[in-house]
Amino acid sequence: MHTGKTSGIRGIRRVRLLLGTLFCTVTALTALLAAAATPARAATGTDSSAQVTYLAERLRANPVYVTDQLPREVPQSTAPAFAEVAKRTGVPTYVIVLPSQSAADPSLLTKVHKRLGRDGLYVLMDESFVAEAEAHGVGAPAEDAWTIALYEVPYDAGPLRRFERFAEVVAQGGEKAAARAKAARAKYGDGDEEPAPLYIGPSDRSDQSFLTGTLLTGVPLLILLLVPYVRRWWLRRPRAAGAGGATGAAWRKEVKASRALRRTLPVLALACAVAVAVTAPVVFDQTRSSWSPRPRAIDLNARLDRVAEGLAQDPVYADPESPRVLDSAQSARLHERIRAFSRSAGGGPVFVSLVPQLTEDESGGDEEAFAAAVHDKLGEDGVYIVADPASGYIDAFNHGLRLDGYSLLFDLPESITYGDDKADEAGDHFLGERLGALMTILDKTPRTDEPNSPGDPYPVTDPVTEDDLPPLFGSDFWPALFMGVLAAGLVFGLVAGLLGIARRVLRRRRPEPLEA
(Lines give C-alpha, C1' and ligand atoms only; values in the text may rest on other atoms or scores of the structure.)
Protein backbone atom coordinates (compact mmCIF):
# COMPACT_ATOMS: atom_id res chain seq x y z
CA MET A 1 0.00 0.00 0.00
CA HIS A 2 2.73 2.42 0.93
CA THR A 3 4.79 1.55 -2.13
CA GLY A 4 1.86 2.14 -4.44
CA LYS A 5 1.17 5.54 -2.85
CA THR A 6 4.81 6.55 -3.27
CA SER A 7 4.78 5.48 -6.90
CA GLY A 8 1.64 7.53 -7.49
CA ILE A 9 3.21 10.64 -5.95
CA ARG A 10 6.31 10.20 -8.11
CA GLY A 11 4.13 9.89 -11.22
CA ILE A 12 2.30 13.10 -10.36
CA ARG A 13 5.63 14.87 -9.87
CA ARG A 14 6.88 13.60 -13.26
CA VAL A 15 3.74 14.90 -14.94
CA ARG A 16 4.09 18.28 -13.22
CA LEU A 17 7.78 18.45 -14.24
CA LEU A 18 6.91 17.58 -17.82
CA LEU A 19 4.12 20.17 -17.91
CA GLY A 20 6.41 22.78 -16.39
CA THR A 21 9.13 22.10 -18.89
CA LEU A 22 6.62 22.26 -21.76
CA PHE A 23 5.23 25.53 -20.40
CA CYS A 24 8.68 27.10 -20.16
CA THR A 25 9.55 25.94 -23.65
CA VAL A 26 6.34 27.37 -25.11
CA THR A 27 6.88 30.63 -23.22
CA ALA A 28 10.43 30.96 -24.50
CA LEU A 29 9.39 30.23 -28.07
CA THR A 30 6.54 32.73 -27.81
CA ALA A 31 8.93 35.39 -26.55
CA LEU A 32 11.36 34.71 -29.38
CA LEU A 33 8.62 34.84 -31.99
CA ALA A 34 7.26 38.03 -30.50
CA ALA A 35 10.70 39.60 -30.54
CA ALA A 36 11.16 38.63 -34.17
CA ALA A 37 7.72 39.88 -35.17
CA THR A 38 7.83 43.14 -33.23
CA PRO A 39 8.61 46.11 -35.50
CA ALA A 40 12.29 46.74 -34.86
CA ARG A 41 11.91 48.97 -31.84
CA ALA A 42 14.83 47.35 -30.06
CA ALA A 43 16.92 47.10 -33.21
CA THR A 44 16.22 50.52 -34.73
CA GLY A 45 15.05 52.47 -31.69
CA THR A 46 12.05 53.84 -33.58
CA ASP A 47 8.37 53.07 -33.72
CA SER A 48 6.52 53.73 -36.98
CA SER A 49 3.04 52.75 -35.77
CA ALA A 50 2.02 56.35 -34.99
CA GLN A 51 3.43 57.49 -38.34
CA VAL A 52 1.50 54.77 -40.16
CA THR A 53 -1.74 55.66 -38.39
CA TYR A 54 -1.29 59.35 -39.15
CA LEU A 55 -0.61 58.77 -42.85
CA ALA A 56 -3.47 56.30 -43.20
CA GLU A 57 -5.89 58.81 -41.71
CA ARG A 58 -4.66 61.49 -44.08
CA LEU A 59 -5.23 59.17 -47.05
CA ARG A 60 -8.66 58.30 -45.73
CA ALA A 61 -9.58 61.96 -46.05
CA ASN A 62 -7.76 62.50 -49.37
CA PRO A 63 -5.96 59.92 -51.56
CA VAL A 64 -3.08 62.38 -52.10
CA TYR A 65 -1.11 63.64 -49.12
CA VAL A 66 1.70 66.18 -49.56
CA THR A 67 3.85 66.99 -46.56
CA ASP A 68 4.19 70.54 -45.29
CA GLN A 69 7.93 70.03 -44.68
CA LEU A 70 9.15 70.59 -48.25
CA PRO A 71 7.71 73.98 -49.26
CA ARG A 72 10.88 75.01 -51.10
CA GLU A 73 10.77 71.92 -53.32
CA VAL A 74 7.27 70.40 -53.18
CA PRO A 75 4.80 72.92 -51.74
CA GLN A 76 1.53 71.58 -50.37
CA SER A 77 -0.21 73.63 -53.02
CA THR A 78 0.99 71.06 -55.61
CA ALA A 79 -1.35 68.42 -54.15
CA PRO A 80 -4.08 69.04 -56.77
CA ALA A 81 -1.51 68.52 -59.53
CA PHE A 82 -0.46 65.17 -58.03
CA ALA A 83 -4.14 64.20 -57.69
CA GLU A 84 -4.80 65.02 -61.34
CA VAL A 85 -1.89 62.86 -62.46
CA ALA A 86 -2.98 60.01 -60.16
CA LYS A 87 -6.26 59.75 -62.07
CA ARG A 88 -4.36 58.81 -65.24
CA THR A 89 -3.20 55.47 -63.83
CA GLY A 90 -6.64 53.90 -64.33
CA VAL A 91 -6.62 52.29 -60.86
CA PRO A 92 -7.28 53.65 -57.35
CA THR A 93 -4.03 55.42 -56.50
CA TYR A 94 -2.84 56.67 -53.12
CA VAL A 95 0.08 59.09 -53.10
CA ILE A 96 2.22 60.11 -50.14
CA VAL A 97 4.86 62.83 -50.51
CA LEU A 98 7.30 62.79 -47.57
CA PRO A 99 10.89 63.88 -46.93
CA SER A 100 13.24 61.02 -47.73
CA GLN A 101 14.52 61.08 -44.13
CA SER A 102 11.02 60.44 -42.81
CA ALA A 103 10.36 57.42 -45.01
CA ALA A 104 13.17 55.13 -43.86
CA ASP A 105 10.89 52.19 -43.10
CA PRO A 106 10.99 49.96 -46.23
CA SER A 107 7.60 48.46 -45.37
CA LEU A 108 5.88 51.80 -44.83
CA LEU A 109 3.51 51.47 -47.81
CA THR A 110 2.54 47.94 -46.84
CA LYS A 111 1.73 49.05 -43.31
CA VAL A 112 -0.24 52.07 -44.52
CA HIS A 113 -2.26 49.86 -46.87
CA LYS A 114 -3.00 47.43 -44.07
CA ARG A 115 -4.02 50.24 -41.74
CA LEU A 116 -6.16 51.98 -44.35
CA GLY A 117 -7.75 48.74 -45.55
CA ARG A 118 -8.24 49.86 -49.16
CA ASP A 119 -6.78 48.15 -52.23
CA GLY A 120 -5.03 50.24 -54.81
CA LEU A 121 -1.70 51.48 -56.12
CA TYR A 122 0.34 53.01 -53.30
CA VAL A 123 3.08 55.47 -54.29
CA LEU A 124 5.62 57.07 -51.97
CA MET A 125 7.31 60.21 -53.30
CA ASP A 126 10.13 62.22 -51.79
CA GLU A 127 11.62 65.59 -52.71
CA SER A 128 13.12 64.19 -55.92
CA PHE A 129 11.98 60.70 -56.89
CA VAL A 130 9.33 58.03 -56.81
CA ALA A 131 10.76 56.35 -53.72
CA GLU A 132 8.52 53.27 -53.55
CA ALA A 133 5.48 51.90 -55.35
CA GLU A 134 3.33 48.88 -54.48
CA ALA A 135 0.17 47.45 -55.99
CA HIS A 136 -2.24 45.92 -53.47
CA GLY A 137 -5.24 44.13 -54.88
CA VAL A 138 -5.03 45.83 -58.31
CA GLY A 139 -3.25 45.01 -61.53
CA ALA A 140 -0.61 47.68 -62.01
CA PRO A 141 3.03 47.32 -63.17
CA ALA A 142 4.33 49.27 -60.18
CA GLU A 143 7.93 48.06 -60.32
CA ASP A 144 8.36 48.59 -64.06
CA ALA A 145 6.79 52.05 -63.83
CA TRP A 146 9.14 52.89 -60.97
CA THR A 147 12.12 51.75 -63.07
CA ILE A 148 11.11 53.89 -66.04
CA ALA A 149 10.45 56.96 -63.89
CA LEU A 150 13.92 56.51 -62.42
CA TYR A 151 15.86 56.03 -65.66
CA GLU A 152 14.02 57.92 -68.39
CA VAL A 153 13.42 61.22 -66.59
CA PRO A 154 16.32 63.69 -66.09
CA TYR A 155 17.61 63.88 -62.55
CA ASP A 156 16.50 67.50 -62.13
CA ALA A 157 12.98 67.04 -63.50
CA GLY A 158 11.36 67.04 -60.06
CA PRO A 159 8.95 64.60 -58.41
CA LEU A 160 5.81 65.76 -60.21
CA ARG A 161 7.27 65.13 -63.66
CA ARG A 162 8.58 61.76 -62.52
CA PHE A 163 5.13 60.89 -61.23
CA GLU A 164 3.66 61.90 -64.59
CA ARG A 165 5.96 59.43 -66.34
CA PHE A 166 5.13 56.81 -63.69
CA ALA A 167 1.38 57.22 -64.24
CA GLU A 168 1.83 57.14 -68.01
CA VAL A 169 3.60 53.77 -67.82
CA VAL A 170 1.04 52.28 -65.42
CA ALA A 171 -1.74 53.23 -67.82
CA GLN A 172 0.04 51.41 -70.67
CA GLY A 173 -0.39 48.04 -68.96
CA GLY A 174 1.95 45.31 -67.84
CA GLU A 175 3.26 44.05 -71.20
CA LYS A 176 4.28 47.44 -72.60
CA ALA A 177 5.63 48.56 -69.23
CA ALA A 178 7.84 45.46 -68.95
CA ALA A 179 9.31 45.96 -72.42
CA ARG A 180 9.88 49.64 -71.79
CA ALA A 181 11.52 48.99 -68.42
CA LYS A 182 13.83 46.43 -70.00
CA ALA A 183 14.88 48.92 -72.65
CA ALA A 184 15.45 51.62 -70.01
CA ARG A 185 17.64 49.32 -67.94
CA ALA A 186 19.65 48.35 -71.02
CA LYS A 187 20.18 51.98 -72.03
CA TYR A 188 20.74 53.67 -68.68
CA GLY A 189 21.39 50.87 -66.22
CA ASP A 190 25.19 50.99 -66.33
CA GLY A 191 25.22 54.70 -65.53
CA ASP A 192 27.29 55.68 -68.60
CA GLU A 193 24.35 57.47 -70.19
CA GLU A 194 21.52 59.49 -68.70
CA PRO A 195 18.92 61.97 -69.99
CA ALA A 196 20.10 65.53 -70.45
CA PRO A 197 19.24 67.88 -67.58
CA LEU A 198 16.27 70.20 -68.00
CA TYR A 199 17.49 73.17 -66.00
CA ILE A 200 20.61 75.25 -65.73
CA GLY A 201 22.23 76.70 -62.62
CA PRO A 202 23.60 80.13 -61.74
CA SER A 203 27.04 79.26 -63.14
CA ASP A 204 25.47 78.33 -66.48
CA ARG A 205 23.56 81.61 -66.52
CA SER A 206 26.84 83.40 -65.78
CA ASP A 207 28.37 81.76 -68.85
CA GLN A 208 25.35 82.78 -70.96
CA SER A 209 25.59 86.38 -69.77
CA PHE A 210 29.31 86.45 -70.50
CA LEU A 211 28.82 85.03 -73.99
CA THR A 212 26.03 87.51 -74.74
CA GLY A 213 28.12 90.50 -73.66
CA THR A 214 31.14 89.29 -75.60
CA LEU A 215 29.15 88.79 -78.79
CA LEU A 216 27.32 92.08 -78.42
CA THR A 217 30.53 94.11 -78.76
CA GLY A 218 32.84 91.58 -80.39
CA VAL A 219 30.79 90.78 -83.50
CA PRO A 220 30.03 94.40 -84.57
CA LEU A 221 33.61 95.47 -83.91
CA LEU A 222 34.96 92.56 -85.97
CA ILE A 223 32.71 93.59 -88.84
CA LEU A 224 33.98 97.18 -88.69
CA LEU A 225 37.62 96.08 -88.54
CA LEU A 226 37.88 92.94 -90.64
CA VAL A 227 35.69 93.67 -93.65
CA PRO A 228 37.61 96.79 -94.82
CA TYR A 229 40.95 95.21 -94.01
CA VAL A 230 40.25 91.98 -95.89
CA ARG A 231 38.86 93.94 -98.81
CA ARG A 232 42.02 96.10 -99.04
CA TRP A 233 44.18 93.03 -98.77
CA TRP A 234 42.32 91.39 -101.61
CA LEU A 235 42.66 94.41 -103.87
CA ARG A 236 46.36 94.80 -103.11
CA ARG A 237 47.31 91.15 -103.27
CA PRO A 238 50.17 90.22 -105.57
CA ARG A 239 48.88 89.06 -108.93
CA ALA A 240 50.42 87.00 -111.69
CA ALA A 241 52.80 88.68 -114.13
CA GLY A 242 51.09 89.81 -117.31
CA ALA A 243 47.74 90.46 -115.73
CA GLY A 244 46.09 93.66 -116.89
CA GLY A 245 46.24 96.79 -114.69
CA ALA A 246 43.27 98.56 -113.36
CA THR A 247 41.61 100.85 -115.95
CA GLY A 248 40.16 104.25 -115.17
CA ALA A 249 36.61 102.90 -115.24
CA ALA A 250 37.50 100.01 -112.95
CA TRP A 251 39.22 102.38 -110.54
CA ARG A 252 36.17 104.67 -110.41
CA LYS A 253 33.98 101.65 -109.80
CA GLU A 254 36.23 100.54 -106.98
CA VAL A 255 36.15 103.98 -105.35
CA LYS A 256 32.37 104.01 -105.55
CA ALA A 257 32.17 100.55 -103.93
CA SER A 258 34.49 101.64 -101.14
CA ARG A 259 32.29 104.65 -100.35
CA ALA A 260 29.18 102.42 -100.30
CA LEU A 261 30.93 99.98 -98.01
CA ARG A 262 31.85 102.76 -95.58
CA ARG A 263 28.19 103.76 -95.41
CA THR A 264 26.92 100.17 -95.12
CA LEU A 265 29.32 98.77 -92.55
CA PRO A 266 28.08 100.80 -89.53
CA VAL A 267 24.51 99.85 -90.34
CA LEU A 268 25.47 96.18 -90.64
CA ALA A 269 27.40 96.28 -87.36
CA LEU A 270 24.50 97.95 -85.57
CA ALA A 271 22.10 95.37 -87.01
CA CYS A 272 24.29 92.55 -85.69
CA ALA A 273 24.40 94.12 -82.23
CA VAL A 274 20.62 94.45 -82.20
CA ALA A 275 20.26 90.86 -83.42
CA VAL A 276 22.46 89.59 -80.58
CA ALA A 277 20.54 91.63 -77.98
CA VAL A 278 17.17 90.43 -79.27
CA THR A 279 18.09 86.80 -79.95
CA ALA A 280 19.97 86.04 -76.72
CA PRO A 281 16.89 86.21 -74.41
CA VAL A 282 15.04 83.93 -76.83
CA VAL A 283 17.83 81.36 -76.96
CA PHE A 284 18.70 81.62 -73.26
CA ASP A 285 15.07 81.71 -72.14
CA GLN A 286 15.25 79.86 -68.81
CA THR A 287 14.43 81.95 -65.75
CA ARG A 288 14.54 79.35 -62.96
CA SER A 289 16.98 76.65 -61.92
CA SER A 290 14.37 74.22 -60.62
CA TRP A 291 10.99 72.77 -61.51
CA SER A 292 9.47 73.67 -58.16
CA PRO A 293 6.84 76.40 -58.17
CA ARG A 294 7.22 79.42 -55.93
CA PRO A 295 5.80 78.56 -52.50
CA ARG A 296 2.92 80.61 -51.20
CA ALA A 297 2.70 82.12 -47.73
CA ILE A 298 0.35 79.34 -46.62
CA ASP A 299 2.93 76.76 -47.74
CA LEU A 300 5.74 78.42 -45.80
CA ASN A 301 3.68 78.80 -42.62
CA ALA A 302 1.93 75.42 -42.59
CA ARG A 303 4.55 73.49 -40.61
CA LEU A 304 5.31 76.38 -38.25
CA ASP A 305 1.62 76.71 -37.44
CA ARG A 306 1.34 72.97 -36.88
CA VAL A 307 4.31 72.85 -34.51
CA ALA A 308 3.23 75.97 -32.61
CA GLU A 309 -0.29 74.61 -32.15
CA GLY A 310 1.14 71.33 -30.93
CA LEU A 311 3.48 73.02 -28.43
CA ALA A 312 0.59 75.07 -27.11
CA GLN A 313 -1.01 71.79 -26.04
CA ASP A 314 2.11 69.85 -25.04
CA PRO A 315 5.69 71.11 -24.46
CA VAL A 316 7.06 68.09 -26.34
CA TYR A 317 5.94 67.96 -29.96
CA ALA A 318 6.75 64.82 -31.96
CA ASP A 319 6.40 65.13 -35.71
CA PRO A 320 3.59 62.75 -36.74
CA GLU A 321 5.12 62.25 -40.19
CA SER A 322 8.29 60.76 -38.69
CA PRO A 323 8.84 57.53 -36.73
CA ARG A 324 8.64 58.03 -32.98
CA VAL A 325 12.02 58.26 -31.27
CA LEU A 326 10.81 58.62 -27.67
CA ASP A 327 8.96 55.77 -26.00
CA SER A 328 6.30 56.45 -23.38
CA ALA A 329 8.70 56.15 -20.44
CA GLN A 330 11.23 58.54 -22.00
CA SER A 331 8.49 61.00 -22.86
CA ALA A 332 7.12 60.89 -19.31
CA ARG A 333 10.57 61.52 -17.82
CA LEU A 334 11.19 64.42 -20.18
CA HIS A 335 7.85 65.99 -19.26
CA GLU A 336 8.69 65.68 -15.56
CA ARG A 337 12.10 67.32 -16.08
CA ILE A 338 10.46 70.17 -18.00
CA ARG A 339 7.93 70.74 -15.21
CA ALA A 340 10.70 70.74 -12.62
CA PHE A 341 12.74 73.25 -14.60
CA SER A 342 9.78 75.56 -15.06
CA ARG A 343 9.34 75.65 -11.25
CA SER A 344 13.04 76.22 -10.52
CA ALA A 345 14.55 79.58 -9.64
CA GLY A 346 15.25 81.48 -12.85
CA GLY A 347 13.76 78.67 -14.89
CA GLY A 348 10.77 78.75 -17.18
CA PRO A 349 9.00 76.95 -19.99
CA VAL A 350 10.85 74.51 -22.21
CA PHE A 351 9.51 73.59 -25.64
CA VAL A 352 10.91 70.56 -27.46
CA SER A 353 10.29 70.14 -31.19
CA LEU A 354 11.10 66.68 -32.49
CA VAL A 355 10.92 67.77 -36.11
CA PRO A 356 13.26 67.12 -39.08
CA GLN A 357 15.39 70.04 -40.26
CA LEU A 358 15.66 70.00 -44.04
CA THR A 359 17.21 72.27 -46.64
CA GLU A 360 13.85 72.17 -48.44
CA ASP A 361 11.82 73.35 -45.44
CA GLU A 362 10.63 76.89 -44.73
CA SER A 363 13.72 77.64 -42.64
CA GLY A 364 16.23 76.19 -45.10
CA GLY A 365 17.38 73.64 -42.51
CA ASP A 366 18.45 76.41 -40.11
CA GLU A 367 17.52 75.24 -36.59
CA GLU A 368 17.97 78.69 -35.09
CA ALA A 369 15.66 80.28 -37.65
CA PHE A 370 13.11 77.50 -37.09
CA ALA A 371 13.16 77.97 -33.31
CA ALA A 372 12.81 81.76 -33.67
CA ALA A 373 9.86 81.35 -36.03
CA VAL A 374 8.11 78.89 -33.69
CA HIS A 375 8.73 81.28 -30.78
CA ASP A 376 7.10 84.08 -32.77
CA LYS A 377 4.13 81.86 -33.63
CA LEU A 378 3.68 80.57 -30.09
CA GLY A 379 4.31 83.97 -28.49
CA GLU A 380 5.73 82.57 -25.26
CA ASP A 381 9.24 82.97 -23.89
CA GLY A 382 11.24 79.91 -22.94
CA VAL A 383 14.00 77.57 -24.01
CA TYR A 384 13.27 76.19 -27.46
CA ILE A 385 14.92 72.84 -28.15
CA VAL A 386 15.08 71.52 -31.69
CA ALA A 387 15.79 67.78 -31.89
CA ASP A 388 15.97 66.29 -35.37
CA PRO A 389 14.63 62.71 -35.33
CA ALA A 390 16.32 62.01 -38.67
CA SER A 391 19.85 63.31 -38.07
CA GLY A 392 19.78 63.16 -34.26
CA TYR A 393 21.15 66.71 -33.88
CA ILE A 394 20.00 68.75 -30.89
CA ASP A 395 20.12 72.53 -30.48
CA ALA A 396 18.82 74.77 -27.69
CA PHE A 397 17.92 78.47 -27.96
CA ASN A 398 16.94 80.80 -25.16
CA HIS A 399 14.15 83.25 -25.88
CA GLY A 400 13.39 85.60 -23.03
CA LEU A 401 14.50 83.62 -19.96
CA ARG A 402 17.11 84.84 -17.48
CA LEU A 403 19.64 82.27 -18.63
CA ASP A 404 23.07 82.42 -20.23
CA GLY A 405 21.85 81.89 -23.78
CA TYR A 406 25.37 82.01 -25.21
CA SER A 407 26.44 78.95 -23.26
CA LEU A 408 23.44 77.04 -24.56
CA LEU A 409 24.20 78.06 -28.12
CA PHE A 410 27.97 77.62 -28.17
CA ASP A 411 29.03 75.45 -25.22
CA LEU A 412 26.79 72.38 -25.36
CA PRO A 413 28.88 69.18 -25.34
CA GLU A 414 29.11 67.42 -28.68
CA SER A 415 27.80 64.28 -26.99
CA ILE A 416 24.50 66.14 -26.63
CA THR A 417 24.53 68.22 -29.81
CA TYR A 418 25.68 65.50 -32.21
CA GLY A 419 25.93 62.29 -30.19
CA ASP A 420 28.62 59.69 -30.65
CA ASP A 421 29.08 56.89 -33.18
CA LYS A 422 26.68 54.60 -31.35
CA ALA A 423 24.04 57.30 -31.25
CA ASP A 424 24.52 57.93 -34.95
CA GLU A 425 23.95 54.26 -35.74
CA ALA A 426 20.89 53.91 -33.49
CA GLY A 427 17.52 54.58 -35.07
CA ASP A 428 16.44 56.87 -32.24
CA HIS A 429 19.95 58.42 -31.92
CA PHE A 430 19.54 57.99 -28.15
CA LEU A 431 17.53 61.20 -28.19
CA GLY A 432 15.75 60.29 -24.96
CA GLU A 433 18.98 60.00 -23.00
CA ARG A 434 20.59 63.01 -24.65
CA LEU A 435 17.56 65.23 -24.04
CA GLY A 436 17.68 64.17 -20.40
CA ALA A 437 21.34 65.19 -20.26
CA LEU A 438 20.42 68.52 -21.84
CA MET A 439 17.82 69.14 -19.14
CA THR A 440 20.55 68.53 -16.54
CA ILE A 441 22.69 71.19 -18.25
CA LEU A 442 19.70 73.55 -18.28
CA ASP A 443 19.33 73.10 -14.54
CA LYS A 444 22.99 74.09 -14.11
CA THR A 445 23.03 76.94 -16.64
CA PRO A 446 23.94 80.24 -14.95
CA ARG A 447 21.03 82.60 -14.34
CA THR A 448 21.32 86.25 -15.38
CA ASP A 449 19.76 89.46 -14.16
CA GLU A 450 18.23 90.14 -17.55
CA PRO A 451 17.08 87.83 -20.36
CA ASN A 452 20.15 86.76 -22.30
CA SER A 453 19.75 85.74 -25.91
CA PRO A 454 22.29 85.70 -28.77
CA GLY A 455 19.90 87.79 -30.87
CA ASP A 456 18.14 87.29 -34.16
CA PRO A 457 19.29 84.43 -36.37
CA TYR A 458 20.91 85.04 -39.71
CA PRO A 459 18.28 85.51 -42.43
CA VAL A 460 17.67 82.40 -44.51
CA THR A 461 17.59 82.36 -48.28
CA ASP A 462 14.35 83.74 -49.65
CA PRO A 463 12.33 80.61 -50.54
CA VAL A 464 10.29 82.49 -53.13
CA THR A 465 13.23 83.71 -55.21
CA GLU A 466 16.01 81.24 -54.39
CA ASP A 467 15.47 79.29 -57.63
CA ASP A 468 15.36 82.41 -59.82
CA LEU A 469 18.27 82.67 -62.22
CA PRO A 470 20.20 85.95 -62.40
CA PRO A 471 19.06 88.20 -65.26
CA LEU A 472 20.77 87.59 -68.58
CA PHE A 473 21.82 91.25 -68.80
CA GLY A 474 23.05 91.20 -65.23
CA SER A 475 26.32 91.56 -63.37
CA ASP A 476 28.27 89.16 -65.59
CA PHE A 477 27.07 90.84 -68.77
CA TRP A 478 28.76 94.23 -68.33
CA PRO A 479 32.38 93.07 -67.89
CA ALA A 480 31.88 90.88 -70.94
CA LEU A 481 31.32 93.98 -73.11
CA PHE A 482 34.96 94.93 -72.56
CA MET A 483 36.03 91.32 -73.10
CA GLY A 484 34.24 91.46 -76.45
CA VAL A 485 36.42 94.39 -77.47
CA LEU A 486 39.55 92.49 -76.46
CA ALA A 487 38.36 89.35 -78.23
CA ALA A 488 37.65 91.32 -81.42
CA GLY A 489 41.11 92.86 -81.27
CA LEU A 490 42.67 89.43 -80.73
CA VAL A 491 40.82 87.89 -83.67
CA PHE A 492 41.65 90.88 -85.87
CA GLY A 493 45.32 90.59 -84.99
CA LEU A 494 45.29 86.86 -85.72
CA VAL A 495 43.59 87.34 -89.11
CA ALA A 496 45.91 90.22 -90.00
CA GLY A 497 48.92 88.08 -89.18
CA LEU A 498 47.67 85.20 -91.31
CA LEU A 499 46.92 87.51 -94.24
CA GLY A 500 50.39 89.07 -93.91
CA ILE A 501 51.96 85.62 -94.15
CA ALA A 502 49.79 84.87 -97.17
CA ARG A 503 50.93 88.12 -98.85
CA ARG A 504 54.60 87.20 -98.43
CA VAL A 505 53.98 83.72 -99.81
CA LEU A 506 52.21 85.16 -102.87
CA ARG A 507 55.04 87.64 -103.50
CA ARG A 508 57.59 84.84 -103.53
CA ARG A 509 55.54 82.92 -106.02
CA ARG A 510 54.82 86.00 -108.18
CA PRO A 511 57.96 88.21 -108.02
CA GLU A 512 56.95 90.51 -110.90
CA PRO A 513 54.06 92.68 -109.75
CA LEU A 514 51.58 94.03 -112.20
CA GLU A 515 52.34 97.63 -113.35
CA ALA A 516 49.57 100.18 -113.08
Side-chain angles (χ1 to χ4, degrees), residues 70 72-74 78 81-82 84-86 88-91 93 95-101 103-104 106 109 121-135 139-212 279-293 358-360 466-470 472 476:
L70 303 171
R72 292 173 182 260
E73 188 66 24
V74 194
T78 59
F82 280 96
E84 184 63 30
V85 175
R88 304 175 194 171
T89 62
V91 296
T93 303
V95 182
I96 302 173
V97 181
L98 284 182
S100 56
Q101 296 92 327
L109 287 182
L121 178 60
Y122 286 74
V123 183
L124 176 63
M125 311 286 302
D126 60 24
E127 56 270 22
S128 302
F129 300 99
V130 179
E132 298 285 346
E134 297 178 0
E143 184 174 352
D144 290 332
W146 175 88
T147 299
I148 294 169
L150 175 66
Y151 286 133
E152 287 189 355
V153 183
Y155 72 91
D156 62 345
L160 181 58
R161 190 166 293 174
R162 287 188 186 277
F163 185 51
E164 289 175 346
R165 184 64 57 88
F166 177 90
E168 169 195 327
V169 175
V170 171
Q172 288 180 341
E175 185 174 347
K176 292 184 178 179
R180 190 168 171 181
K182 182 178 179 181
R185 282 190 291 266
K187 185 175 183 180
Y188 303 110
D190 55 7
D192 294 336
E193 183 179 358
E194 60 182 28
L198 298 178
Y199 299 93
I200 64 173
S203 61
D204 299 311
R205 173 46 55 90
S206 176
D207 294 340
Q208 293 175 351
S209 296
F210 190 84
L211 177 61
T212 301
T279 305
V282 177
V283 176
F284 305 137
D285 60 344
Q286 291 190 346
T287 58
R288 289 176 61 78
S289 61
S290 170
W291 80 278
S292 58
L358 313 161
T359 57
E360 299 87 1
E466 67 174 352
D467 291 330
D468 291 351
L469 291 171
L472 183 63
D476 293 299

Visitor: For A142 and A135, work out which heavy atoms get closest and say how close.
Guide: CB-N, 4.2 Å

Visitor: About how many Å separate OG of S206 and CG of L469, when rounded to the nearest 0.5 Å?
Guide: 11.0 Å

Visitor: Which pair of heavy atoms, one from P99 and one from D126, lies closest together, and at what distance?
Guide: C-CB, 4.5 Å

Visitor: Please find the pair of heavy atoms, one from V169 and one from A177, that lie closest to each other, and give the distance.
Guide: CG1-CB, 3.5 Å

Visitor: Can you confirm whether the side chains of E132 and W146 place a donor and an acceptor under 3.5 Å from each other?
Guide: no

Visitor: CG/L211 to CG/D207 distance, rounded to the nearest 0.5 angstrom?
Guide: 8.5 Å

Visitor: At what distance, to the nearest 0.5 angstrom, does CG of L70 lie from CD of E127?
Guide: 5.5 Å

Visitor: Mind checking what makes side chain to side chain donor-acceptor pair (under 3.5 Å) contact with E164, not counting sequence neighbours?
Guide: none

Visitor: In sequence, state the C-alpha distance, the side-chain angles, and the governing distance for W291 and V74, and then conclude on side chain to side chain contact (heavy atoms under 4.5 Å, CB included).
Guide: CA-CA 9 Å; W291 80 278; V74 194; 4.2 Å; yes

Visitor: Are the side chain of T89 and the backbone N or O of A167 linked by a donor-acceptor pair below 3.5 Å?
Guide: no

Visitor: What pairs of residues pass the side-chain hydrogen bond (donor to acceptor under 3.5 Å, both in side chains) test when at least one of them lies in residues 148-159, not counting sequence neighbours?
Guide: E152-R165, E152-R180

Visitor: Using a cut-off of 6.0 Å, state whether more than 12 heavy atoms not belonging to Q286 lie near its atom CD.
Guide: yes

Visitor: To the nearest 0.5 Å, what is the distance between OG (S290) and CD (E73)?
Guide: 4.5 Å

Visitor: Stepwise, does the side chain to side chain contact (heavy atoms under 4.5 Å, CB included) test hold for L150 with V130?
Guide: CA-CA 7 Å; L150 175 66; V130 179; over 6 Å; no

Visitor: Show the nearest heavy-atom pair for residues V170 and A140, with the distance to one decimal.
Guide: CG1-CB, 4.1 Å

Visitor: Which heavy-atom pair separates T93 from A86 by the least distance, and what is that distance?
Guide: OG1-O, 3.7 Å

Visitor: For the residue pair R72 and S292, what are the closest heavy atoms and their distance?
Guide: O-OG, 3.3 Å

Visitor: Under 3.5 Å, which donor-acceptor pairs link side chains of residues 182-200 to any protein atom two or more places apart or in another chain?
Guide:
residue	atom	partner	partner atom	Å
D190	OD1	D192	N	3.2

Visitor: Could you walk me through whether F82 and L160 satisfy the side chain to side chain contact (heavy atoms under 4.5 Å, CB included) test, starting with their C-alpha distance in whole Å, then the side-chain angles of each, then the deciding distance to 0.1 Å, before giving a yes or no?
Guide: CA-CA 7 Å; F82 280 96; L160 181 58; 4.0 Å; yes

Visitor: Taking R162 for the side chain and A157 for the main chain, is one N or O donor matched with an acceptor at less than 3.5 Å?
Guide: no

Visitor: If you round to the nearest 0.5 Å, how far is OG1 of T287 from CG of L472?
Guide: 11.5 Å

Visitor: What distance do S203 atom OG and D476 atom CG have between them, rounded to the nearest 0.5 Å?
Guide: 10.5 Å

